[in-house]
Amino acid sequence: MNKEFFYLTTPIYYPNAAPHIGTAYTTIVADCLTRFQRLLGVKAYFLTGTDEHGQKIEKAAAEKGITPQAHVDEMFSAFKQVWERLEIANDDFIRTTEERHETGVVKIFQQLKDRGLIFKDTYEGWYCVADETFWTQAQVVEGKCPNPECGREVVWMKEEGYFFKLSRFQNKLLEYLDQHPDFIQPQSRFNETYSFIKRGLQDLCVSRKGLKWGVPIPGDEEHSIYVWIDALSNYLTAIGYPDRENYLRYWPADVQLVGKDILRFHAIIWPALLMALELPLPKIIYAHGWIVSRGEKISKSRGARNINEMIKDFSADAIRYFLLKQAPFGQDMEYSEEALVDRYNKELGNELGNLLNRTLTMLENYFGGLVPEKQTATELETQLENLEFKNRELYREHFSALRFREALAALWEIVVELNTYAEKTSPWKLAKDPSNRERLQTILYSLSEGIRQVVVMVYPIIPVSAQKMWEQLGMEGSLEQLRWEALSADPLKAGKPVKKGMPVFPRLEIA
Ligand code: MSP
């Protein structure tokens, strides 16, 4: 809450395929978190991008019969467009083929070399093409990649290359983990990382000979800087490491979100590289679970649906809400369109949308569409306000700790309580007798004000719908500009005209 700056990153995506719901997941979460931080008044900087070098990209381009550059340009546009349609408000988008990145990576490689942490040797051993990772004999499991999330066949390789002295950082990393129990989250990923490091770290091959689609090593152009130094450095090069204003302002990152399949690169290699550069480490590396369908990770090759069509069918907000609510962050999430539609219709449509609709209709019918002045409160209003206050704080606590599902659950207790309050007080019955006028004013004011608070809080998750609800409540301005303090300091004003419009959450049906 007292922080001024907040730097948040997603992994940079391989543009070998268009984004799908699986790759969109991290970006959506990052966006919600960024908007939430902005709501708290923090200057949040949100970076995402594409990881455009390497064999996989060369291969994807060759399959299409175009140059790697033409391929990544095409895919970059596809990513950009999907992010816009999903209402992603990133501050920057880094492409590893950009000049600013390539010069930055060369600088970083050179610094590591100058510190004696890079050496040339011959590599001979197993290599996983899919993971773009070298493995030792002891690590390989029956001829397969030992990454539990990969498990594909490895090939034998012998080539000259540059190595990073990763083994030197084993104890330093363990010490760091001992002192920073929150560095890797969730806890299970921390434990996994810790035992992996304890088993021993080997020096890491960080170049590839003959790879054309990569950043050449200065003075030895036959070799290219390989995947992980290239890709991981984006978090620094994008903000202008080592001396630009954004770097000085935002580094170290506050939260780096990654999928569990790339945990080791981010929890071991990345901090070791930063230690080697004598830079502070990010505060949190959070490895989330996968979006799965019938237990299997959703991916392009496993038939992920075109995300543009999904956005057309369901709306960006429906997808965003579902992904944050469906499973605890960190765990795998079973995705199905039925579950998405059910949740949307029930929670957004019936519980929140109808609450707003009913309230606006009553404001129109009983008060000419103007927010009435609140009169004497009863025990019911006190109870409602207490719950609103308590759950507001809970929402903030959970959201700040990346417990999105729990945050939404706390928020929904307010929504449900507002519905219960409406049922208990039954303003539609009271309206029949003019002597209940004052009581009716208090009830409709309390409902409208309760909804206003919910709208402010839910905005980071469903920005488009929240803005529509905001305007229907008769409020001006963009929710993007609103700050948390407005929840208590700036309640609805009596006399404001509301603007009931089309339902914000029209019912969805599965085609
Ligand atoms: N380019 C590397 C990351 C380099 S970061 C310095 C990479 N790219 S990726 O496109 O393969 O994956 C990017 C992210 O998308 C990973 O965090 C991965 O976990 C995530 N996801 C891809 N499919 C996913 C699901 N089905 N579910 C959730 N996340 C998944 O790895």
Side-chain angles (χ1 to χ4, degrees), residues 8-30 47-57 59-60 72 75-76 78-79 82-83 93-97 101 104-105 108 128-133 145 147-150 152 189 206 213-214 225-238 253 255-271 273-274 282 285-305 307 310 319 322-324 326-327 329-336:
L8 175 70
T9 66
T10 71
I12 46 173
Y13 302 96
Y14 287 130
N16 48 351
H20 52 76
I21 184 100
T23 33
Y25 181 49
T26 328
T27 316
I28 288 176
V29 169
L47 174 71
T48 187
T50 38
D51 190 356
E52 302 190 349
H53 291 128
Q55 251 176 329
K56 278 193 205 181
I57 307 296
K59 198 166 154 250
V72 294
M75 295 312 279
F76 164 67
F79 270 85
V82 169
W83 293 163
F93 190 116
I94 181 107
R95 302 177 61 185
T96 53
T97 51
H101 177 73
V105 169
I108 287 169
C128 170
V129 181
D131 255 13
E132 313 207 45
T133 306
C145 174
N147 177 1
E149 324 296 359
C150 175
R152 273 167 274 211
R189 303 291 168 204
V206 291
W213 193 241
I225 298 174
Y226 188 51
V227 170
W228 290 102
I229 287 199
D230 178 16
L232 289 164
S233 301
N234 90 86
Y235 305 128
L236 294 173
T237 60
V255 177
Q256 299 206 269
L257 296 173
V258 299
K260 64 180 182 181
D261 48 333
I262 52 173
L263 169 73
R264 283 186 199 159
F265 304 106
H266 284 83
I268 300 173
I269 302 175
W270 179 226
L273 284 173
L274 290 167
I285 304 276
Y286 197 107
H288 62 69
W290 285 339
I291 315 271
V292 299
S293 169
R294 291 188 207 97
E296 284 215 55
K297 182 186 184 196
I298 288 188
S299 65
K300 191 203 162 206
S301 53
R302 295 210 178 107
R305 228 189 119 192
I307 192 146
M310 291 171 62
I319 298 171
F322 178 79
L323 292 180
L324 269 83
Q326 183 66 1
F329 193 51
Q331 293 180 17
D332 285 355
M333 176 192 312
E334 179 69 30
Y335 174 82
S336 80

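Atoms within each ligand, like the ligands themselves, are counted from 1 in listed order.
Other residues, nucleotides and ligands contribute only 12 or fewer heavy atoms inside 6.0 Å of the NZ atom of Lys59.
Tyr335 is linked by a ring pair (Phe, Tyr, Trp, His ring centres under 6.0 Å) to Phe322, counting only residues two or more places apart in sequence or in another chain. Evaluation of the side-chain contact (heavy atoms from CB on, under 4.5 Å) rule for Thr26 yields Thr10, Pro11, Tyr13, Leu257, His288 as partners, not counting sequence neighbours. The side-chain contact (heavy atoms from CB on, under 4.5 Å) test applied to Pro19 returns Thr23, Phe79, Val82, Trp83, not counting sequence neighbours.
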So what's ligand 1 close to, N/O to N/O, under 3.5 Å?
unit_1	atom_1	unit_2	atom_2	d
ligand 1	1 (N)	Ile12	O	2.8
ligand 1	1 (N)	Asp51	OD2	2.7
ligand 1	10 (O)	Tyr14	N	3.0
ligand 1	17 (O)	Gly259	N	2.8
ligand 1	19 (O)	Asp261	OD1	2.6
ligand 1	19 (O)	Asp261	OD2	3.4
ligand 1	26 (N)	Ile291	O	3.1
ligand 1	26 (N)	Ile298	O	2.8
ligand 1	27 (N)	Ile291	N	2.8
ligand 1	29 (N)	Gly22	O	3.2

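Residues His101 and Thr96 have side chains that never bring a donor and an acceptor to within less than 3.5 angstrom of each other.
Ring geometry for Phe329 against Tyr286 counts as parallel: the plane angle stays under 30°, on a 0 to 90° scale with 60° as the upper cut.
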